[in-house]
Amino acid sequence: MKYPEYKQPLNYGQLGEDILAWWKEHGIFEKSVSSREGQPTFVFYEGPPSANGAPGIHHVMARTVKDIFGRYQTLLGKQVPRKGGWDTHGLPIELQVEKELGITKEDIGKKISVEDYNQRCKETVMRFKAQWDDLTEKMGYWVDLNDPYVTFEPEYIESCWALLKKLYDKGLLYKGYTIQPYSPAAGTGLSSHELNQPGTYKDVKDTTVVAQFKVIWDEKSKALLDGPYGEQNVYILAWTTTPWTLPANTGLAVGKNIKYLLVRTVNQYTREEQLVILAENLFGKYFAETEEHNRSNSYLTMNWASDEPVVNKKGLLTRWVINEEFTGADLVGIKYERLFGPEEGFPHFEGEERAFRVINGDFVTTEDGTGIVHISPTFGADDFRAAQLADIPALMVPDAEGTLGPIVDRTGRYVPQMGEFAGRWVKNYDGHDETGADYKTLDESIVIKMKGDGTAFKVEKYEHTYPHCWRTDKPVLYYPLDSWFIKTTAVKDRLIELNKTINWKPESTGTGRFGNWLENLVDWNLSRSRYWGTPLPIWRTQDRTEEICIGSIAELKAEIDKAVAAEIMTHNPYANGEKVDLHRPYVDDIFLVSPTGQPMYREPDLIDVWFDSGAMPYAQWHYPLENEGQFQKNFPADFIAEGVDQTRGWFFTLHALGVMLEDSVAFKNVIANGLVLDKNGNKMSKRLGNAVDPFATIKQFGPDATRWYMIANAPPWDNLKFDPAGVTEVQRRFFGTLFNTYSFYALYANLDEFQTSEFDRVPHAELSELDRWVLSKLQSLIVEARGHLDNYDPTKAARAIQDFVTDQLSNWYVRLSRRRFWKGELTQDKRAAFETLQECLVVVAQLMSPIAPFFGEWLYKNMTDGMRAEAEAKNTPLAPESVHLTLLVEADTARIDPKLEERMELAQRISSLAHSLRKKSVLKVRQPLQRILVPVLNESTKEQVGLVEDLICAEINVKHIEFLDDESESGVLVKSVKPNFKRLGQQYGPRLKAVGARIQQMTAAEISKLEKEGSLAVEVDGQPITLAPDDVEIRTDDLPGWLVATDGPLTVALDVTLTDELRQEGLARELVNRLQNLRKDSGLEVQDKIRVTLADQQPELTAAVAAFGDYIRTETQALALTFAADVNGGSVLEFDDYSVPVFLEVATS
RNA sequence: GGGCUUGUAGCUCAGGUGGUUAGAGCGCUACACUGAUAAUGUAGAGGUCCGUGGUUCGAGUCCACGCAGGCCCA
């Protein structure tokens, strides 16, 4: 059976399609899993994509990363089940449907029923599934698409419910509140999407106040603030544009790295002397620079009690002295007095003993205000979060039913406990008349009181933008709204601890982005006020005293039966085996009965879609309701990979659920890959028109070059600048070279009708130096590539494979071995060459196959199909029909020969130097030369180079290498020394410069002495030191009278003397070259024999042919090479100064 | 604003634990080579290693502060 031969250029797109068809026909993917039955499992989790949009080139990137390791682990013999999945819930789908229908959330339940709306979502979410499946196949991503998990299916939702119930039973599910945009006028919360509607942000003019909070004197504040003037009135300044939130203040936040000042000044409303604290950067906003302040004793000269104005025309304070400065971190922990306390008729509240402290807030800036932020946990999201982290309570008061709530009710007015302000509207939500002369807004009333109390530092009208409800045009409040939470903070330490056992690529995402996120963890807000998603399975009585969390469809049915019995429901909608849909609105129509007989209503929220995807390790098997064994076998994952943007998304929810449910990591290794940008580093977008179409790319370049480029160009976790020119380069340089190498092999193997066998091979010991070298390099490559892939670094593996193929295998081994392949009969040496190249190509096919699965398959099949029958019969490593079913070769380390690799590198470098010298001397490689000279300083280099002398000579066309050493008489070795700074630096430190200079002045005699005696005493700056041989590097980079080239310690000189014989041989070579060209131009086959007649016109040429006729005939496969006086009907060979008519004919026998 | 990340030749990227003259590929220029040939070799041009300070005998590498791009969060 012959090796397939191909015409240039290879169509890589077609190759991909052909291999794909073959895979399908032979069920290779299925076999790659089934053939590993009973072997250890390598667990991979597919992060489910959403099919509501077309896939992009970045998906090719992400899925290549995933695919590589599934295939690699299969090659290692593991079984790698790869269950696909689809993410189907969520806001993007709702928005898409609303856009298509031309409706808003308001219209749901009015213009369109929830039922129809959700039906629409369900239809929309899989709209691009066909395209996704197509891409999956074409790019060669092996994942099981026949039995994927789908998050909207009842079984999947049921699993989510079961998991939620587990958490509920552990006490990890609770109802609390979050701060959300809320419209009191409309009585509804607003989504961030609604807030982003045009026109919602308006300029408004508000009364703002810099409030001053009085520091309480205790250990902490004394340590920081106690000055030479005793205990004084020290105030912390904080600015707010919403004075109505000040009665709800329970903390003050500073930036821990911000610089703050303690300033002595006067209150402009009370005229009391006082000390205030504010950020240094904002000092100029409140204080005026005057001449007074330039005096060193300004405190003493300042007339603190003067009746003169204390502010200038710009409103800046003129009487001040800076007393101290410190950072925010110094201030944390200081306590202060409450502004609106019980003594003035304002309410006590739970936890107030922990309130009124300075805390750290990472959101604090010095852009405006005072660099200190007033915290009211009930009216700001930042405030809420910072307060939670610092254990600052919120100011909550009970309503008529005893339920705790903020100081503002849901209609937007102060609750009755608010003393003199009780019942006041915080903004004008009821449309009351504001035009009366005495009318005061609540903000104004509060500020007036503060001025009187001496707690206002500065009051100003201030214009700023503020969000408004798009329906009522009234200002939005940030307000606490009910939410369900998972108490992730309860397992925070465990989350952190187990995260440290996860192998993150890159590591910094695990320790940094993810680690920091865990350190600052708050509870997971599960609630979403939406329609298309997994409903929260909790039913409650109206008085909230009784509730039930449903964990299965069976349980739900049983509870409905109870409700029917209690006549709360008329019938059980699921009783007759009807299809159960757990989505809204169906679950909303189910009412249950509490143990005390009260009706229970479902909590209307849906859960965060991230719960859906984080639950996939369990829900994909319908666990915990069934398939315990399946689940156990596939938990946790050995490997997952997604974009780095999933860090706080999927990576977190997987981890959180894994820790809470199983007290385990959910994945052991994870690659967080970066973005795919366009070639200029811009984000790809359809709008900008710079998005790359994955289908067109794969068709044009083939899937392999696309994948290889993405992996080899940059590590997956760096952003990739996708440049099609780069794919072209990979295609040409790597795949083109590899294809050429294969074609070369196939061409000559077929000519010799040679077929390698796994059994009958030339023994390793009998292989040539070059064969053993490339096989040594191959083993080193196996070690290296496996190491990188084991370490989840595909980029380094790809680069190593690429380097081996292009530089070592093609450009050195094949180039130097060419004639062994085409010359003469099938000798042992020729067989050795075939077998060596065959082994390299087969191993390369295996190693590359995870990254370039199609080409790897193509190469493997082309190389081994001819041996398959025998391999199958004897069940050898090459028995599998597909490279993806083979077991990856282990490196045969016994064949790694470091000395051999070292001397071949010497050969490569010496050849390069010789080429360089030829170039300088204008001597083409075809002109043979007598010798090169190589100075050697030690015996081992001489020996090493000597072993590869033949290779070097052949490569650079010289007769032999002459070594120059101390003993040789041929020339004077001129040695020079270079200081070894690394060694010397450690030894001499600051004296290094002088020592180095002294070394460079060493005489030949000194060098010789150092070499012979092993040490040399010299003087540096009058001090004696002793040099060891290791302190310097001795080299010979000059040969007097010779043209030399050097590369590090290597030096080469070329003898350019030309003898007549050398000239003749050069001519013979020229002639061979021209005849070969002529053969090729005449369209002759490689194996054709020829007869050549040359015009007998040039004596030199005639002499050359006479001397080298055999050589010429052998090289050109000429049976006859004769001269004639006249040559007609042929062509003319031109070279050097010659012009020779020639006649060439194919020899028929 | 915070966290993480990137910044080295025109482009894409390498540059363990600091060592003096910073590399590769592509692209460009010139020359050579030629039965693997859309390949290859040699040489050349091309660098404030993002900036500023610091540590050190010595910094692309370590530290601090910035600048610019990216992602996530707010």
Side-chain angles (χ1 to χ4, degrees), chain A residues 8-9 255 257 361-367 381-382 385-386 506 508-517 519-520 643-649 672 674-675 677 679-683 709 712-715 717-721 723 725-726 728-730 732-734 736-737 739-745 747-748 795-796 799 802-803 806-807 810-811 814-815 818-819 821-822 911-920 922-926 955-956 978-986 988-996 1045 1072-1077 1079-1080 1084-1087 1115-1117:
Chain A
Q8 281 268 41
N257 296 323
D362 56 19
F363 52 88
V364 177
T365 73
T366 54
E367 267 171 24
D382 274 340
R385 202 172 49 87
S508 60
T509 299
T511 54
R513 188 182 284 208
F514 195 67
N516 290 343
W517 161 250
E519 295 287 345
N520 292 305
V644 68
D645 54 340
Q646 297 289 343
T647 305
R648 294 173 184 188
L675 262 61
L677 310 168
K679 65 177 178 180
N680 299 318
N682 299 313
K683 206 171 168 174
Y709 165 72
N713 192 60
W717 41 88
D718 281 353
N719 288 347
L720 173 71
K721 291 181 193 164
D723 185 354
T728 308
E729 190 188 325
V730 161
R732 212 166 38 89
R733 185 159 176 76
F734 176 60
T737 304
F739 169 73
N740 277 335
T741 305
Y742 166 75
S743 298
F744 177 84
Y745 175 86
L747 174 67
Y748 292 108
T795 302
K796 288 202 170 122
R799 287 175 178 171
Q802 188 169 318
D803 179 71
T806 58
D807 293 351
S810 168
N811 202 29
V814 174
R815 194 157 56 81
R818 271 179 302 190
R819 50 198 309 114
F821 287 88
W822 76 61
S911 299
S912 172
L913 290 172
H915 279 303
S916 160
L917 289 170
R918 276 182 174 277
K919 158 83 180 152
K920 279 181 192 147
V922 198
L923 281 165
K924 48 179 70 169
V925 181
R926 230 178 272 129
E955 170 68 6
I956 61 177
K978 199 184 150 198
N980 180 347
F981 286 100
K982 191 163 185 170
R983 252 185 80 92
L984 292 168
Q986 286 159 3
Y988 298 109
R991 297 167 64 202
L992 179 86
K993 271 197 176 119
V995 174
V1072 167
N1073 167 243
R1074 296 308 190 275
L1075 287 171
Q1076 297 285 37
N1077 286 348
R1079 281 183 59 115
K1080 199 174 176 190
L1084 269 61
E1085 295 296 322
V1086 172
Q1087 66 274 25
E1115 289 298 305
T1116 60
Q1117 303 184 67

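Residue numbering restarts at 1 for every chain, and letters A, B, ... go by the order of the sequence lines. Quick caveat: nothing in here was measured; it's all calculated off a predicted structure.
For a distance-only test at 3.5 Å, the side chain of A:S810 qualifies as a donor-acceptor partner of the base of B:rA36. With hydrogens and angles ignored, a donor-acceptor pair under 3.5 angstrom links the side chain of A:R513 to the base of B:rC71.
Between B:rG44 and B:rC57, the two C1' atoms lie 36 Å apart (nearest whole Å). Nucleotides B:rG15 and B:rC28, compared at atom P, are 27 Å apart to the nearest Å. Taking the P atom of each, B:rU8 and B:rG47 are spaced 14 Å apart, rounded to whole Å. Annotation: B:rU17 and B:rA39 have their P atoms spaced 37 Å apart (nearest Å). For the C1' atoms, the distance linking B:rA43 with B:rG54 amounts to 42 Å, nearest Å. Comparing the C1' positions of B:rG51 and B:rG41 gives an interatomic distance of 41 Å, to the nearest angstrom. With P as the reference atom, B:rU61 and B:rU48 are 16 Å apart, rounded to whole Å. Atom P of B:rG66 sits at a distance of 28 Å from the matching atom of B:rG19, rounded to the whole Å.
Side-chain proximity of A:D718 to the nucleotides B:rC73, B:rU6, B:rA36 is greatest for B:rU6. Residue A:R818 has its side chain nearest to B:rU37 when only B:rG70, B:rU40, B:rU37 are considered. When distances are taken from the side chain of A:S916 to each of B:rC72, B:rA43, B:rG3, the shortest belongs to B:rA43. For A:H915, taking side-chain heavy atoms from C-beta onward, the closest of the listed nucleotides B:rG41, B:rU12, B:rA36 is B:rG41. For A:E729, taking side-chain heavy atoms from C-beta onward, the closest of the listed nucleotides B:rA14, B:rC26, B:rU40 is B:rC26. Checking B:rC13, B:rG25, B:rG70 against the side-chain heavy atoms of A:L675 singles out B:rG70 as nearest. The side chain of A:A714 lies closest to B:rC13 when the candidates are B:rC4, B:rC13, B:rU37. You'll find that the side chain of A:K721 is closest to B:rU12, out of B:rU42, B:rU12, B:rA74. Listed candidates were B:rA14, B:rC71, B:rA43. Nearest to the side chain of A:V644 is B:rC71.
Using a 4.0 Å heavy-atom cutoff across all strands shown, A:N520 reaches no nucleic acid atom at all. Contact annotation for A:S743: no contact, since no heavy-atom pair falls under 4.0 Å across all strands. Within 4.0 Å of A:Q1076, counting heavy atoms only, lies at least one base atom of the nucleic acid. Contact annotation for A:A381: no contact, since no heavy-atom pair falls under 4.0 Å across all strands. Looking at heavy-atom distances under 4.0 Å, A:F734 makes no contact with the nucleic acid at all. Contacts of A:T647 with the nucleic acid, taken as non-hydrogen atoms under 4.0 Å apart, are absent. A:S912 comes within contact range of the sugar-phosphate backbone alone, with a heavy-atom separation under 4.0 Å but no base atom that close. If you check every strand for non-hydrogen atoms under 4.0 Å, A:R918 touches nothing.
Salt bridge A:R733/A:D807: present, at least one basic N to carboxylate O contact under 4.0 Å.
Nearest-nucleotide mapping onto RNA chain B: of A:L720 and A:P979, the residue sitting toward the 5' end is A:L720. When each of A:Q1117 and A:R732 is assigned the nucleotide of RNA chain B bearing its nearest heavy atom, the one mapping closer to the 5' terminus is A:Q1117.
The shortest side-chain heavy-atom distance between A:T509 and A:W717 does not fall under the 4.5 Å cut-off. Between A:D723 and A:Y709 there is a side-chain heavy-atom pair separated by less than 4.5 Å.
Separating the CG atom in A:L747 from the CG atom in A:N740 is a distance of 11.5 Å, to the nearest 0.5 Å. With rounding to the nearest 0.5 angstrom, the CZ atom of A:R815 is 4.0 Å from the CD atom of A:E955. With rounding to the nearest 0.5 angstrom, the OG1 atom of A:T737 is 8.5 Å from the CG atom of A:N811.
Taking only side-chain nitrogens and oxygens, A:S508 comes nearer than 4.0 Å to OP1 or OP2 of B:rU5. Side-chain nitrogen and oxygen atoms of A:N811 include at least one within less than 4.0 Å of the OP1 or OP2 phosphate oxygen of B:rG41.
Pairing partner, B:rU40: B:rA32, with both Watson-Crick or wobble hydrogen-bond distances short of 3.5 Å. With a 3.5 Å ceiling on both atom-pair distances, B:rU61 lacks any Watson-Crick or G-U wobble partner. Base pairing of B:rA14 is not made with any nucleotide, judged by Watson-Crick or G-U wobble geometry with both donor-acceptor distances under 3.5 Å. Across all strands shown, B:rG70 is found opposite B:rC4 as a Watson-Crick or G-U wobble partner, with both distances under 3.5 Å.
At least one donor-acceptor pair under 3.5 Å links the side chain of A:N516 to the backbone N or O of A:G512. Proximity of a side-chain donor or acceptor of A:N719 to a complementary backbone N or O of A:G674 within less than 3.5 Å is not detected.
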